[in-house]
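Quick notes on the structure that follows.
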Amino acid sequence: MGRLRLYTIPAHRAFADALVAGLLRRVGDDRLALARGIVLVPNNRGALAVRDAFVRASGAGLLLPRIVALGSDDIGEALGAALDPADAQPPVPPAIPPLRRRLVLARLVAEERAAARRPVDAAEAVRLAGELARTLDQLALEDVAPERLAQIDPGEGLSDHWESALRLFRLLLDRWPQERASLGGVDAAERRMLLLRRQADRWRAAPPATLVCAAGITDTAPAVAELLRVVAGSPQGMTVFAGLDRDMPAEEWDALGPHPRDEATGRTKRAIEVHPQFHLKLLLGRIGAGRDEVMRWADGSEQDAPPSRGRAIADALAPAAFTGKWTRLSPASRRLDGVAAAELATPAEEAQGIALTLRGALEREGQTAALVTPDRALARRVAAHCRRWGIDVDDSAGRPLSILPPGTLLTAIVEAAAQDFAPLALLTLLKHPLVRAGEARGAWLDGVRRLDRALRGPRPGPGLDGIDAHLRDAPEREKHVRAAAAAFWPEARALLEPLARTFGDGTAPLPALVACLRVAAEALAGEEAWRGPAGRAASDLLADLEEQAPLGPAAVERGGFAPLLRLLMDEVAIRRAPGDRHPRLAIYGLLEARLQSADLMILGGLNEGTWPGIPAPDPWLAPRIRSELGLPGLERSIGIAAHDFGQALGAKQVLLTRSRRDVRSPALASRFWLRLEAMAGDRFVRARDLEGWTRAIDDGGVPMPAARPAPMPAKAHRPDRISVTEVDRLKADPFAFYARRILKLMPLDAVDADPSAAWRGTAVHGVLEAWAKEDDCDPAALMPRALALLDDPAAHPLLRALWQPRLLAGFEWIARRTAEQRAEGREVLSVEGQGGARIAGIDLSGRYDRIDRMPDGGLGIVDYKTGKAPSTAAVEGGFNLQLGLLGAIAEAGGFERATGTATAFEYWSLAKKDDSFGVVSSPADPAGKNGRIPTDDFVRTAVDSFTDSAKKWLLGEEPFTAKLHPEFAPYAEYDQLMRRDEWYGREG
């Protein structure tokens, strides 16, 4: 083998275009020599970039060389079939399908963790299996025999956690070869190494006579390095690196490592794996060449940046120990011509600014632009902003299946079943856009909306039976709503029953769960569930999972199936076909951006933890163990991200963007951003115009707060009927009354709402009503009824857990006090009745909790309160006079079972007083003491107050002013409608 032909294309040059220009120059007019050649690239996206560069350079028809993607730093990418001829002897064993291997590893993890008395659920076992598979692949890539792990003495210094993980890892390594043999294949990474070595051996024995070029490959695996060496040494071969720095000072290059072991101390100096040149130096060393053997690629393209850019990039990314040289750099060396930076307030502003920049690029004839970011959420936001202008640019890194409609449908199905069809999960499923898509969707949604209305409020009992009971056993005021839902419910229930049966036992075999999920998806959505690229991917995933599931964990808890499924779908990227790309705009992830170029490169998401990302921890091997095995350090990914940054920064025009905060908290600028800023100083150009535009585009100008609303509907539109419970709302917040009664905007309870005070009061009133009507207020019968309420499966857990002691004590107090009063001659006359009377020209209606016949023959009006009774101040202000109005209706003969003169007005509150629950209070007093109204005047006072209100708002033309008395208007249902925050506190 002769001299190695090693080249590097500097970072300031457009790699693919420069590469193609050089290859075309080398073959000259013999274009068939190019067609017979082979170009090895790191990944499929790189192959597409080189292919496009050939098209741009040819200007006419051209027979392209065979372009083969060897695979990227992501070892899961399969080796191109071009290097695996069918007649290879002996044949390379097939690769074990990834999902099959993962499920087998998950079963082994679950079994070994259970044996170690540290069990994990199926979802966690699958997650750990994924990490285990990556570690096994790294061992294969780095030619580390698993037996070496047994030779390592953990010694001292490892925590119990790492020692336990290491023991478990060894056990798994002992079991995996046997399991792998039974599967009849090898690991995909191992097969890839076998193919690469076989090709290297073939070319070493018979060097190819045609052009062979390995371009832009950064994988440092020994097998890859061996192939690159063979390619570089063949007569027509060459290996071309991307951005290997030939001009880096020798002391900086040497400082990168890897360093030899110090024989005196027995220690090895730590390598600087976070540097962008480290992995290239490591690859060069494994090829067996020195940096001085690498030649600069002579060709360039129109998309190249000035050469000074490449030197500035290298200086900015120098090892930390050498950054002191920045102060000695000349102004020209610190200048970053063509590079601008925009620092925005939030990720939303950053996405807006990037989209504006991409939109602006389209205004310049022929200009191309690309966003490069590891932040997929930012990429999706930018794509969404572009769609506002009719620009369809998609994220080439793809979108995870889990967030696309077929994936969210599968998740919704599993979540609904796992949560026993709790209302929120159930409605999420039934409203999913793929469910009953097509002509039948309108009628289906009508039924779902009726069910939505019926399920609002506290959660019904568990399961489909709980919803059956909820719709069947409706209180009077809910009957029409639940009856409408009940007409639709059987149709939906029939589709959900198979799910309930499969998930009802708590745990089930994984194959049964997957099969049930597939059947349910087809029943709910039909063919729509599997339509399009995302639907086909979901179908393939379920088919593969159903086929391989028997090899996985034996049983899955129903609550663990959703995270397991979501984990697998997160790893399935849905990409558009290459033909669907925008001709001038692109959005790339870091992997996809390699070898790509554009007139304008936008590097987005430059915050620490995003670019570079936080290295993912290895749950199996401690950092020291990884180092002793010779595996890459976890921080190696930072160095690769730095190399990606440096390559993208070499474009002709570059825009850097970051946001000052993320979705949760203030964000720290990326170390790459900070290095450029520190080196360039005042020459770090800020895109001030863009920063201003992102704020201006959504700036509505100086806000003009709305005035306090005070609508004045015509008298004909004002109601002439009102209930006693609405009188306080009319007086304290007339606008709320107007919205409720005239506009008929009724507030809805939340779905799966926590039990409110009103709901608790309804439950308590129901018990007391049944006690009075069916048990004749027998003190011994009340407690069994209370316990039955709390023991009912439909009872909300919060009611049982938090309110049970208070409610039981309150019920006991009511039973005791009722018995005492009965002994004194006071009898319960009627409970939970309703009626009305014509008062002040208005039909006033009311519902009472209880009316007693007092010993003096008068009526005692009793209102049960689960909380505190109204304050004296409220009564003095003319509010909370409902008891008086109920007395007026009784005196007018408006209650069928209770007529007479009202002589007592009482609140029976279950609130705590001193050390016990239960207290009686009254807004009236015979002598009018303590600011209360005299008992004999209470009914008249209430009627006079109501008459005044009726004359103003119901019979007159008084405006319905919002929050007229806010201290007595605590409810906020209509605050948004009245735009309260815009005017409240600004008046006067």
Side-chain angles (χ1 to χ4, degrees), residues 1-70 79-85 196 199-200 202-218 224 227-244 246 287 289 293-304 307 578 594-598 647 650:
M1 184 176 292
R3 180 180 64 87
L4 298 180
R5 277 170 288 277
L6 303 171
Y7 300 90
T8 180
I9 297 178
H12 68 274
R13 291 184 179 170
F15 185 91
D17 292 279
L19 175 72
V20 167
L23 294 178
L24 291 176
R25 179 176 58 81
R26 280 166 172 75
V27 300
D29 295 331
D30 187 4
R31 296 304 172 92
L32 288 179
L34 180 66
R36 289 190 293 266
I38 296 177
V39 178
L40 307 180
V41 294
N43 53 40
N44 291 326
R45 180 60 63 172
L48 186 60
V50 172
R51 189 176 297 116
D52 289 346
F54 272 116
V55 172
R56 287 193 297 270
S58 67
L62 182 69
L63 292 176
L64 298 181
R66 179 186 294 177
I67 302 175
V68 179
L70 292 186
L79 178 66
L83 301 186
D84 185 18
L196 291 175
Q199 190 63 36
R202 183 182 292 117
W203 280 347
R204 188 183 293 109
T210 58
L211 171 70
V212 179
C213 175
I217 296 170
T218 59
V224 175
L227 180 63
L228 296 186
R229 177 179 174 84
V230 171
V231 169
S234 62
Q236 297 295 321
M238 64 191 75
T239 294
V240 185
F241 298 105
L244 189 144
R246 296 177 69 254
I287 289 174
E293 298 179 61
V294 181
M295 296 173 285
R296 190 185 307 275
W297 192 258
D299 300 273
S301 71
E302 294 180 354
Q303 291 186 324
D304 294 348
R594 294 172 191 169
L595 311 191
Q596 302 290 342
S597 59
Q647 290 297 106

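- A cation-pi arrangement is absent between Arg13 and Tyr7, since the terminal nitrogen or guanidinium carbon is not both under 6.0 Å from the aromatic centre and inside a 45° cone about the axis.
- Summarising the geometry of Asp299 relative to Ala18, their closest heavy-atom pair is O-CB, 3.5 Å, with the distance given to 0.1 Å.
- Between Ala53 and Val20, the shortest heavy-atom contact is CB-CG2, 3.6 Å.
- Within the 3.5 Å criterion, the main-chain N or O of Ala14 finds no donor-acceptor partner in the side chain of Ser597.
- The closest side-chain heavy-atom distance from Leu70 to Leu227 is below 4.5 Å.
- At a threshold of 4.5 Å between non-hydrogen side-chain atoms, the residues Leu23 and Pro65 do not count as touching.
- Figure legend: Arg25 and Trp297 shown without cation-pi pairing, the cationic atom not lying both under 6.0 angstrom from the six-membered ring centre and within 45 degrees of its axis.
- Residues Pro208 and Gln236 are not in side-chain contact: their nearest non-hydrogen atoms beyond the backbone lie 4.5 Å or more apart.
- Listed for the Arg5 side chain is no donor-acceptor partner under 3.5 Å among the backbone atoms of Met295.
- Taking the side chain as every heavy atom from C-beta outward, Asp52 and Gln596 never approach each other to under 4.5 Å.
- Interatomic distance, Leu244 CG to Ile9 CD1, rounded to the nearest 0.5 Å: 12.0 Å.
- Atom-to-atom distance recorded for Arg56:CZ and Gln303:CD is 5.5 Å, nearest 0.5 angstrom.
- Once rounded to the nearest 0.5 Å, the distance linking CD of Gln199 with CZ of Arg204 reads 11.0 Å.
- Arg246 places a side-chain N or O within donor-acceptor distance of the main-chain N or O of Val294, the cut-off being under 3.5 Å.
- Rounding to the nearest 0.5 Å gives a distance of 10.5 Å between CG of Leu40 and CZ of Arg66.
- Ala215 and Pro42 make their closest contact through O-CD, 3.4 Å (heavy atoms, listed as atom of the first residue, atom of the second, distance).
- Taking the side chain as every heavy atom from C-beta outward, Arg36 and Asp30 approach each other to under 4.5 Å.
- No option in Ile217, Leu196, Leu6 other than Ile217 meets the side-chain contact (heavy atoms from CB on, under 4.5 Å) test with Leu228.
- Atom SG of Cys213 and atom CD1 of Ile38 lie 11.0 Å apart (nearest 0.5 Å).
- The closest side-chain heavy-atom distance from Leu34 to Leu63 is not below 4.5 Å.
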